[in-house]
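See structure below.
Nothing fancy with the numbering, it's 1 onward along the sequence.
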Amino acid sequence: MAVHIHPLDVGYLELPGAANAYLIEGPEGFAMVECGTAVTWPALEAKLEECGVHPTQIEDLFLTHIHLDHAGAAGHLAACGARIWVHPFGHPHLIDPEKLLASSRRVHGAMYERYYGDLWPVPPTQAHAVDDGGIVSAAGLQFRAIETAGHARHHHAWQLDSDGHRHIFVGDVLGIAMPESGFISIPTPPPEFDPAAWKRSLQKLRDAEPTHLWLTHGGLRSESAATARQYIDRVEARLDEERAELRHLAQAVVASGPRESEAHRIALSKAVDDYRAWLHPKAEAAGVTAPHFKAFLGDYFLRMNLQGAVRLASTGA
């Protein structure tokens with residue numbers, strides 16, 4: 001089956017290369033993987049227009065998970081008639097996104113309105129849950145769900161086989177490939193960061209034997225089975241070193257006292273400083289540029305990662 005994959009840069013964080021949606025052109029029409037935020041919907045419409053495609057021609061949208069940089073415009077596409085396919089744990093939050101949006105506002109704070117915006121509710125008749133290993137027919141193609149928890153419990157990668165190639169759209173399970181550099185960032189947001197599950201997910205990706213790895217944050221990262229395995233190994237090495245540092249920092253924050261206490265606030269502030277001093281030299285050595293430092297590795301990102309690790313540490317893990 002012939003397939004054409006068109007990466008669409010949606011302008012997330014107002015930076016080129018920060019996030020892609022993927023237009024899939026199959027023998028029987030069009031599907032998409034990921035869709036960007038509600039705020040980037042006009043940019044997505046413009047990119048589709050450049051491809052000669054109207055949003056109403058997108059019959060199926062596959063989401064890796066429901067974080068708003070991946071799923072925020074899902075309601076817009078549903079309003080254009082698309083069916084939305086998602087992990088069962090994410091499914092109810094598409095239909096009623098109130099809790100998801102409240103959590104996102106807490107995590108993103110002042111950045112929410114500028115970069116994210118509200119996910120429109122998806123009508124129940126258009127929101128579809130897919131279990132691990134489930135296969136969905138769309139655009140004359142077969143998409144297989146691979147449950148890949150770790151970054152989020154409600155995470156699928158989507159496998160698409162075509163012309164002897166195995167494409168996998170990996171969402172955030174392979175981290176963030178920082179634009180214009182060789183650095184891989186590992187996002188560990190609350191509340192579902194789980195490094196043990198993440199490592200199992202990386203093995204599932206190896207077992208799937210992909211040739212092409214398509215990152216939402218970073219684009220195409222391999223075009224052969226060998227380079228795909230190498231990239232997955234690089235991600236696992238980064239996950240291991242990130243987890244070790246975050247565990248150390250998070251344990252000190254948890255030991256400082258209740259979350260509402262002044263001691264906790266001071267400990268968290270110190271942990272951000274220590275995390276920055278540890279992480280930034282690694283990113284600088286890998287060639288991360290100043291604009292991408294601010295967007296992807298600034299204090300907002302550091303605090304978000306620490307909050308995910310602190311929540312994990314508070315469970316005794």
[X] side chain near [Y] side chain, heavy-atom distance below 4.5 Å:
X: Val130; Y: Trp158; value: yes
X: Leu279; Y: Phe183; value: yes
X: Thr148; Y: Val170; value: no

For this session: I would like to know whether Asp194 and Glu192 meet side-chain contact (heavy atoms from CB on, under 4.5 Å); could you show each step before the answer?
Result: CA-CA 6 Å; Asp194 183 340; Glu192 294 173 350; over 6 Å; no
Exercise. Salt-bridged, Lys282 to Glu245, with N to O below 4.0 Å?
Worked result: no
Exercise. Should Asp273 and Lys270 count as an ion pair when the cut-off is N to O under 4.0 Å?
Worked result: no
For this session: Show your reasoning for whether salt bridge (charged side-chain N to carboxylate O under 4.0 Å, His left out) applies to Arg153 and Glu147.
Result: CA-CA 9 Å; Arg153 194 167 61 120; Glu147 187 176 61; over 6 Å; no
Without hydrogens or angle criteria, can the side chains of [X] and [Y] be said to hold a donor-acceptor pair below 3.5 Å?
X: Arg200; Y: Gln203; answer: no
X: Thr289; Y: His292; answer: yes
X: Tyr275; Y: Asp299; answer: no

[Y] and [X] aromatic ring geometry - parallel, tilted or perpendicular at 30°/60° bounds:
X: Tyr12; Y: Tyr116; result: perpendicular
X: Trp214; Y: His212; result: parallel
X: His156; Y: His87; result: tilted

Exercise. Between Gln57 (side chain) and His54 (backbone), is there a donor-acceptor pair under 3.5 Å?
Worked result: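 It does hold such a pair.
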Problem set entry | Exam field: side chain Arg311 to backbone Pro190, donor-acceptor pair closer than 3.5 Å |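 No.
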Exercise. From Thr216 OG1 over to Asn20 CG, what is the distance, rounded to the nearest 0.5 angstrom?
Worked result: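 Thr216 OG1 to Asn20 CG: 7.5 Å, rounded to 0.5 Å.
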Exercise. How long is the span from the CG atom in Asp69 to the OG1 atom in Thr40, to the nearest 0.5 Å?
Worked result: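 That separation rounds to 9.0 Å.
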Between [X] and [Y], does the ring centre distance come in under 6.0 Å?
X: His154; Y: His67; value: yes
X: Phe62; Y: Phe169; value: no
X: His70; Y: His217; value: yes

Problem set entry | Trace of the side-chain contact (heavy atoms from CB on, under 4.5 Å) decision for His65 with Phe89 | CA-CA 9 Å; His65 59 304; Phe89 292 153; over 6 Å; no
